[in-house]
Number of protein chains: 2
Amino acid sequence: MTAIKESSTIQENKQYALEKCPVTFVMEKIGGYWKPIILYHLSTGDKRYSELKRAIPAVTEKMLIQHLKQLEADGLVIREAKPVVPPFVTYTLSNAGTGLLPVIDAMAAWAFKVKDGVYTI
Amino acid sequence: MTAIKESSTIQENKQYALEKCPVTFVMEKIGGYWKPIILYHLSTGDKRYSELKRAIPAVTEKMLIQHLKQLEADGLVIREAKPVVPPFVTYTLSNAGTGLLPVIDAMAAWAFKVKDGVYTI
DNA sequence: CATGATACATACTTTAGGGTAAGTACTTGT
DNA sequence: ACAAGTACTTACCCTAAAGTATGTATCATG
């Protein structure tokens, strides 16, 4: 999690958008290149850290946990660690995370409509 | 529209996410602090450039136009200019743009659930 | 004659987020 | 004794997106 400089216009504006705009609120949670993909992989059931890593080969480990930590902090996923060695950690969608799935479906539906030329963009 | 350096990992990854993930595809279109807000203001009917400017006081003109141009390039809004002086330009949601409204509604619904404590995050 | 309103454009700066590379701790297998 | 697998962490760099500031053309009005 990168340090945030307090007092920059960009942060104030983000704050403004966050309060004024529920869409921005959602995008704060699922924005970031890998978050939707992580959410997608978790939508079919809980996964170990290493399973996610293998499922998304293009992501680096730093980005993977960074996003997992943010998702956890935002209450979208639940981390469970068994105190064994080697470590055994699983990530699961929370209720809030599961509640996002319809949103994701709506987005996917629109994307496929666009790709199928329904809208003649 | 900022110039894009081709061949950077971040661009390759964006490309990857774009192809693999319809959600990322959507967020490419409506990501950016002001785009959802602009879309929202256009959802109630077409607006002049200056009306948008006044409706969203926190946005700078550079950002406003930049996002409007991107939305236009992405086929979400339609720009219409009357050849008069002073200029008279209106922006309207296209069919594709209108098609996004259910997505936006779904996002807003989730956001309000979260804020109402439905999910106990 | 200069000010205001319209709808932009453009050069320059800042910063948040993403990426690279390397290291940590602990155990099992060879 | 050394590599491999687990789940991370940390220091540093690079860039895309956002922001600042200023300029442009045209006409109407005081």
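These numbers were taken from a predicted model, which means no experiment stands behind them. Proteins get letters first, then strands, A, B, ... in listed order; numbering begins at 1 in each.
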Among the candidates dT10(D), dT6(D), dG19(D), find the nucleotide nearest to the side-chain atoms of Y33(B). dG19(D)
Give a yes/no on whether any side-chain N or O of R48(A) is located under 4.0 angstrom from OP1 or OP2 of dA7(D). yes
Is the distance from OP1 or OP2 of dT6(D) to the nearest side-chain N or O of R54(A) less than 4.0 Å? yes
Any side-chain donor paired with an acceptor under 3.5 Å for Q70(A) and K35(A)? yes
Mind calculating the distance between CD (Q11(A)) and P (dT15(C)) to the nearest angstrom? 10 Å
Without decimals, in angstroms, what is the distance between E28(B) CD and dG18(C) C1'? 14 Å
Compare the minimum distances between each of dC8(C), dG19(C), dG19(D) and the side chain of T9(A), then state the nucleotide with the smallest one. dG19(D)
Establish whether Y16(A) and V26(A) are linked, either directly or via other cluster members, by ILVMFWY side-chain heavy-atom contacts under 4.5 Å. yes
Contacts of K14(A) and V85(A) projected onto DNA chain D by closest heavy atom; the upstream (5') one is V85(A)
When rounded to whole Å, the CD to P distance for the pair Q15(A) and dA18(D) reads 17 Å
Nearest-nucleotide 5' precedence on DNA chain D, E61(A) against P87(B): E61(A)
Just the rounded figure in Å: distance from P of dG19(C) to NZ of K62(A). 8 Å
For dG19(C) and T60(A) - does any side-chain N or O of the residue sit under 4.0 Å from the phosphate oxygens OP1/OP2? no
Nearest heavy atom decides the nucleotide; on that basis, is T90(B) or G32(A) closer to the 5' end of DNA chain C? T90(B)
Heavy atoms of G32(B) and H67(B) approach each other most closely as CA-NE2, 4.3 Å
Regarding Y91(B) and E51(B), do their side chains bring together a donor and an acceptor under 3.5 Å, going by distance alone? no
Given dC8(C), dG18(C), dC8(D), the nucleotide with the shortest approach to the side chain of V89(A): dC8(D)
Should H67(B) be listed as having a side-chain N or O under 4.0 Å from OP1 or OP2 of dA18(D)? yes
Tell me what I65(A) touches on the nucleic acid: a base, only sugar-phosphate, or nothing, going by heavy atoms under 4.0 Å. base
